[in-house]
K.L.:
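Below: one structure in structure tokens.
Treat the numbers as computed from the prediction; the structure is a model and nothing was measured. Convention: sequence-line order gives letters A, B, ...; per-chain numbering from 1.
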Amino acid sequence: MKKEIFINKAGRELPIYIEGYGDVKGYEGPFAINPTGKKYAPQKSVSKPGISKVLSNLKEAIQNSNLKDGMTVSFHHHLRNGDYVLNMVMDEIANMGIKDITICASSLTKAHEPLLEHIKNGVVTGLETSGLRGNIAKEIAKNNILGKPVIFRTHGGRARAIEAGDVKIDVAFIAAPACDTMGNMNGKDGKSAFGVMGYPMVDAQYAEKVVAITDNLVPFPLIDVSISMSNVDYIVVVDSIGDPEKIATGATRVTKNPTDLLIAEEASKVLIASGLVKNGFAFQAGSGGASLAVCKFLREYMVDNEIKGSFAAGGITAYLVELLEAGLFNALLDVQTFDGAAASSVDRNRNHIEMSASTYANPHNKGCSAHQLDMMILSATEIDTDFNINSITGSTGMIMGALGGAPDTAAGADLTVVVAPTMRKRIPIILDRVTNIATPGETIDVLVTERGICVNPRRTDLIEKMELAGIELKTIENLKDEVELLTGKPERVSYEDIIVGIVEYRDGTVLDIIRQVKV
Amino acid sequence: MKKLRRTMLFAPASNPKLLFNTAIYKPDCILFDLEDAVKYDEKDAARDLLVEALKVVNFSKCEVFVRINPLRNPFGEKAPFGELDVRALVPAGLTRMRLPMCEKPEHIVELDRLLSQIEKENNIEKGTVKIQASLETPTGVMNALAIAQSSDRVVSISFGAEDFTRTLGTDRTKAATELFFARSQVAMAASIAKVDAIDTVWSDVSDIEGFRKEAESAKNLGFAGKSCIHPSQIKIVHNIFTPSMEEVKKSLEIVEAAKLANIESGGVITVNGKMVDIPVIAKAERVVSLAKGAGLIK
């Protein structure tokens with residue numbers, strides 16, 4: 001095994017080769033990679049009259065898809081904590097005695113805890129995802145139960161990797177709230193409606209075989225089609241694909257927490273002082289906590305000053321739908337709908353537009369909407385004095401989060417603002433060095449906390465604008481010291497040599513590695 | 001420049017998080033509570049926590065008050081915690097304390113003596129620690145002026161409507177007619193004694209409009225500020241008790257014109273076509289002082 005190491009542009013020490021991953025190409029900067037070659041294409045297929053795509057059960061679909069040991073299957077997480085599909089498919093794969101499967105999921109949630117047994121039994125030997133939480137994450141971080149690193153990709157990075165052929169999906173399993181007998185699907189009709197189908201739109205296009213799993217088979221042709229029958233091989237009808245009530249497990253309404261509201265109000269002042277909040281601006285905010293609350297303060301400013309934005313993007317919540325319906329934005333660009341109220345808007349509002357994960361955030365997509373953002377609001381579990389963000393591991397070294405679209409939008413937006421409290425349960429969040437980098441500091445512009453605002457020194461233009469607007473700034477080093485006076489400096493966790501996770505940057509380079517936590 | 005006391009945010013001293021987090025909401029004053037908000041069996045722990053917090057936490061520009069426990073019980077006997085609070089907090093650096101259930105000047109005099117003794121024992125300059133007298137009963141309200149003038153240490157008097165209505169034998173209503181006389185009496189006494197009057201709390205945090213109306217009426221009655229129990233109330237009170245930039249601009253013109261005209265000895269001047277006399281100038285000076293305190297002008 002090659003042991004040489006090097007340091008990438010984010011300052012992280014990486015081996016040149018990782019077992020179970022291959023050669024490591026280090027992160028070189030947000031737009032340093034120029035892709036070459038052609039996109040991946042699946043094998044040609046055939047269509048004959050009179051053949052039904054609707055099969056009697058999952059087993060038949062798996063058999064017909066020629067799924068074998070060592071192959072890769074894909075899933076999407078629009079049903080989040082309410083998803084039933086991943087578990088039912090993996091249970092069937094296990095029952096059929098198939099082993100050594102790699103799961104390429106848009107993300108994994110607490111609903112997918114049963115995977116733990118499949119990993120332990122060797123049914124699943126590879127995981128590629130945006131995020132990982134709960135017991136699976138714990139067992140991987142502490143005990144390396146997978147035996148090889150989990151590959152973490154951003155939403156844009158996943159779409160890019162699939163298009164580039166870095167990941168070859170053998171069978172894509174797609175949960176469809178509405179599906180006709182030829183495989184046309186959408187996510188907004190039926191008892192399990194979750195909204196848009198941004199993630200599997202990419203899988204459907206590039207997977208060798210595509211299986212639609214639905215609890216709402218409708219006669220051909222379905223009227224509104226998100227994923228076309230052109231890409232679908234088989235259809236399986238099940239009792240239920242999931243519980244849409246459990247989609248909105250994170251906070252998708254504006255918080256009442258006074259600290260979060262304070263941070264949000266300060267963040268909105270920063271946005272306004274930047275001069276970017278003007279007619280035609282494009283905006284994205286993550287769901288939950290202070291992030292979404294920024295919209296509340298921005299809304300007041302937009303109404304008072306008669307400003308109408310171009311689009312709000314990303315994961316779409318009911319609150320963003322309210323802004324759309326109040327006429328404050330021309331459109332919503334939606335890759336993933338975060339709650340039931342927002343899901344119903346997809347049908348109701350012509351300008352609530354569905355987009356694929358590739359259109360949303362793939363850096364090598366000609367229309368990447370993340371690159372059209374004027375401003376982006378992110379949250380973070382840790383930030384360091386170089387403004388690097390961690391959203392994937394906790395200060396204990398445990399895997400407990402996701403990359404999501406944050407690295408994509410931070411790279412694309414003109415102004416990226418991180419909103420975070422300075423401490424969580426007495427643990428300071430500003431560090432000399434984050435446990436793991438999820439989003440590089442060179443794509444982060446401002447940190448807004450309840451104890452002060454810090455602008456990345458790289459953005460001298462912003463510092464000037466903030467000072468002009470009378471916004472008091474602190475250096476991130478001073479703010480860190482101020483917080484450590486209250487919390488003390490926590491001891492850092494120790495690691496084994498074994499690499500249990502790889503954080504890929506959106507362009508496919510390696511940003512960081514996650515090592516096994518020493519117990 | 002006048003020290004502003006527009007907002008006084010309550011925080012139970014038994015909650016460690018609030019000890020270092022309350023200042024982030026930027027109230028003019030913080031009131032850490034050792035009295036009603038702290039259970040009997042937590043009094044000692046809360047006091048210890050507060051003592052440590054006073055030593056290490058940076059409260060920024062907030063003026064820190066502590067509502068100590070009463071020195072005496074309703075029967076006039078020595079109460080268990082009040083003196084312990086004072087003896088622990090003053091050496092820890094506390095310079096402002098609220099005396100609850102203050103009904104007569106003797107209550108202040110007793111605290112004044114205790115403070116003098118503790119200041120001496122700890123080599124702290126005499127008179128460093130100031131007092132806010134909390135008037136929460138009809139007797140306290142009727143004695144407002146005497147209490148406010150009972151010691152140089154008294155910097156403000158506050159009105160507590162909950163205990164007041166309980167002792168009066170009535171209920172607190174949103175119309176607040178039952179409080180009108182008492183609030184006016186407290187505000188007038190403060191004005192005569194040249195101390196700040198702080199209005200009572202509004203307990204229904206979700207009723208923002210009711211709170212706003214009560215804060216407006218407090219300002220109109222002559223209070224310097226209002227007690228708050230939730231961070232969301234701070235901005236509302238600050239907006240009400242801070243002059244608008246237009247008011248500030250007009251007041252600055254009046255103050256400037258008065259300076260040039262040298263009319264301290266009486267008479268009137270004209271500013272922007274309007275007659276201005278001594279009372280108008282005094283009001284303008286108050287607005288300018290408030291604006292400076294609020295950081296609107298330098």
Side-chain angles (χ1 to χ4, degrees), chain A residues 253-270 272 289-290 293-294 296-297 299-301 304 419-430 447-454 467 469-475 478-490, chain B residues 7 9-13 15-28 30 32 49-62 64 93 201-202 204-208 211-212 228-239 242 244-245 248 291-292 294-298:
Chain A
R253 299 299 307 174
V254 174
T255 176
K256 287 188 174 167
N257 176 308
T259 309
D260 282 347
L261 282 171
L262 173 71
I263 294 169
E265 189 170 10
E266 293 299 301
S268 70
K269 285 181 194 163
V270 167
I272 292 160
V294 175
K296 170 181 136 62
F297 295 101
R299 177 186 196 155
E300 287 165 14
Y301 180 79
D304 290 348
V419 287
T422 52
M423 58 188 97
R424 288 194 179 92
K425 294 196 165 112
R426 294 178 295 154
I427 306 284
I429 74 128
I430 308 173
L447 167 67
V448 179
T449 73
E450 80 285 13
R451 288 174 198 278
I453 297 168
C454 313
E467 282 169 355
I471 292 177
E472 212 177 299
L473 300 179
K474 289 178 178 172
T475 67
N478 284 349
L479 184 57
K480 180 180 83 73
D481 292 345
E482 190 184 310
V483 177
E484 281 177 359
L485 270 180
L486 299 170
T487 61
K489 207 172 173 119
Chain B
T7 44
L9 181 58
F10 265 81
N15 183 334
K17 195 175 167 187
L18 294 183
L19 293 176
F20 59 78
N21 248 3
T22 305
I24 65 172
Y25 304 108
K26 299 189 174 76
D28 289 337
I30 298 172
F32 289 123
L49 269 176
L50 185 52
V51 163
E52 290 309 309
L54 288 170
K55 288 178 193 165
V56 295
V57 177
N58 175 4
F59 296 103
S60 190
K61 292 171 187 159
C62 299
V64 176
V201 296
W202 177 262
D204 185 355
V205 176
S206 60
D207 183 2
I208 293 165
F211 177 75
R212 195 190 310 277
C228 299
I229 54 163
H230 194 269
S232 62
Q233 296 177 331
I234 304 278
K235 199 173 158 188
I236 297 168
V237 178
H238 283 183
N239 283 342
T242 309
S244 68
M245 277 316 282
V248 175
K292 282 184 179 166
L296 289 180
I297 51 172
K298 284 184 180 166

K.L.:
Distance check, rounded to the nearest 0.5 Å: T422(A) atom OG1 versus I24(B) atom CD1?
P.N.:
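That separation rounds to 7.5 Å.
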K.L.:
Rounded to the nearest 0.5 Å, what separates atom CZ in F20(B) from atom CG in L485(A)?
P.N.:
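The CG atom of L485(A) is 12.5 Å from CZ of F20(B), to the nearest 0.5 Å.
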K.L.:
What part of E482(A) lies closer than 4.5 angstrom to a heavy atom of chain B: side chain, backbone, both or neither?
P.N.:
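Answer is neither: E482(A) stays 4.5 Å or more from chain B.
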K.L.:
Take atom CZ in R426(A); do more than 12 heavy atoms of anything else shown fall under 6.0 Å from it?
P.N.:
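No, not enclosed.
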K.L.:
Output the option from V57(B), N21(B), V56(B) having the highest count of non-hydrogen pairs under 4.5 Å with chain A.
P.N.:
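Looking at each option in turn, the highest pair count goes to N21(B).
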K.L.:
At a heavy-atom separation under 4.5 Å, does L486(A) approach chain B through its side chain, its backbone, both, or neither?
P.N.:
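Contact with chain B involves the side chain of L486(A) alone.
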K.L.:
Select one option (side chain, backbone, both, neither) describing which atoms of K17(B) are under 4.5 Å from chain A's heavy atoms.
P.N.:
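Looking at K17(B), nothing touches chain A.
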